[in-house]
Amino acid sequence: MTTPMMYAVQAAALWSGLLILLLLVLSGIVVSGRRKHMVSLGDGGIADLAAATRAFGNCAEYAAPGMIAMLFLAAVGAPAWMVHGVGATLFVGRSAHALGLLFQTGPSLGRVIGMLLTWVALLTAAVGLIAFAVV
């Protein structure tokens, strides 16, 4: 029998898995760009490779605490819908941000929307964790 906590853990696992797949796709774009431009380390001063590197790096920087937060939310008894909300918002935010970096030069709507969604997801997770910890 699946308990409400297990549903929340499964939600955290689902969104963490999707975020890891996103990281692998972004990593593949970096590797492909490095091979194409014959750059072994860094971005070689090539703008599209720099953008790909930052898309991967930014995703890793925000996805990791998000995944940990989802697991803790499940552990402290947050409902599965909350974990799904945080996970979906974070995934869409990180995807939009990466697309904005990869396909547009300079400031872009994708980057802005991506960061806003990421901040909403992390803020929701932080407030939820604090609330469940003190109640």
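Residues Leu19 and Leu116 fall into different hydrophobic clusters, defined by Ile, Leu, Val, Met, Phe, Trp and Tyr side chains chained together at heavy-atom separations under 4.5 Å. Residues Leu109 and Leu101 do not share a hydrophobic cluster, clusters being chains of Ile/Leu/Val/Met/Phe/Trp/Tyr side chains in contact below 4.5 Å. In this structure, Met5 is not a member of the same hydrophobic cluster as Met70, with clusters built from ILVMFWY side-chain heavy atoms closer than 4.5 Å. Ile46 and Val31 end up in different hydrophobic clusters when Ile, Leu, Val, Met, Phe, Trp and Tyr side chains are linked at under 4.5 Å. Linking ILVMFWY side-chain heavy atoms closer than 4.5 Å, directly or via other members, places Leu26 and Leu117 in two distinct hydrophobic clusters.
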Compile the donor-acceptor pairs under 3.5 Å between side chains in residues 33-40 and protein atoms, sequence neighbours left out, one pair per line.
residue : atom : partner : partner atom : Å
Arg34   : NE   : Gly42   : O            : 3.0
Arg34   : NH2  : Gly42   : O            : 3.4

N/O donor to acceptor pairs below 3.5 angstrom from side-chain atoms of residues 121-135, sequence neighbours left out:
residue : atom : partner : partner atom : Å
Thr124  : OG1  : Val120  : O            : 2.7

May I have the list of side-chain donor-acceptor pairs in residues 6-17 shorter than 3.5 Å, sequence neighbours left out?
residue : atom : partner : partner atom : Å
Trp15   : NE1  : His84   : ND1          : 2.9
Ser16   : OG   : Ala12   : O            : 2.8

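Atom CD1 of Ile20 and atom OG of Ser27 lie 13.0 Å apart (nearest 0.5 Å).
A side-chain donor-acceptor contact under 3.5 Å links Thr89 to the backbone of Gly85. Judged by distance alone, the side chain of Ser95 and the main-chain N or O of Phe91 form a donor-acceptor pair under 3.5 Å. Remark: side-chain polar atoms of Arg54 are not paired, donor with acceptor, to backbone N or O of Ala98 under 3.5 angstrom.
Remark: of the listed residues Val92, Val112, Asn58, Thr118, Asn58 is the sole one forming a side chain to side chain contact (heavy atoms under 4.5 Å, CB included) with His97.
The two residues Ala74 and Val83 come nearest to each other via the heavy atoms N-CG2, 4.3 Å.
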Which is it for Glu61 and Arg94 under the salt bridge (charged side-chain N to carboxylate O under 4.0 Å, His left out) test, yes or no, and what are the steps along the way?
CA-CA 10 Å; Glu61 291 162 3; Arg94 291 293 81 211; over 6 Å; no
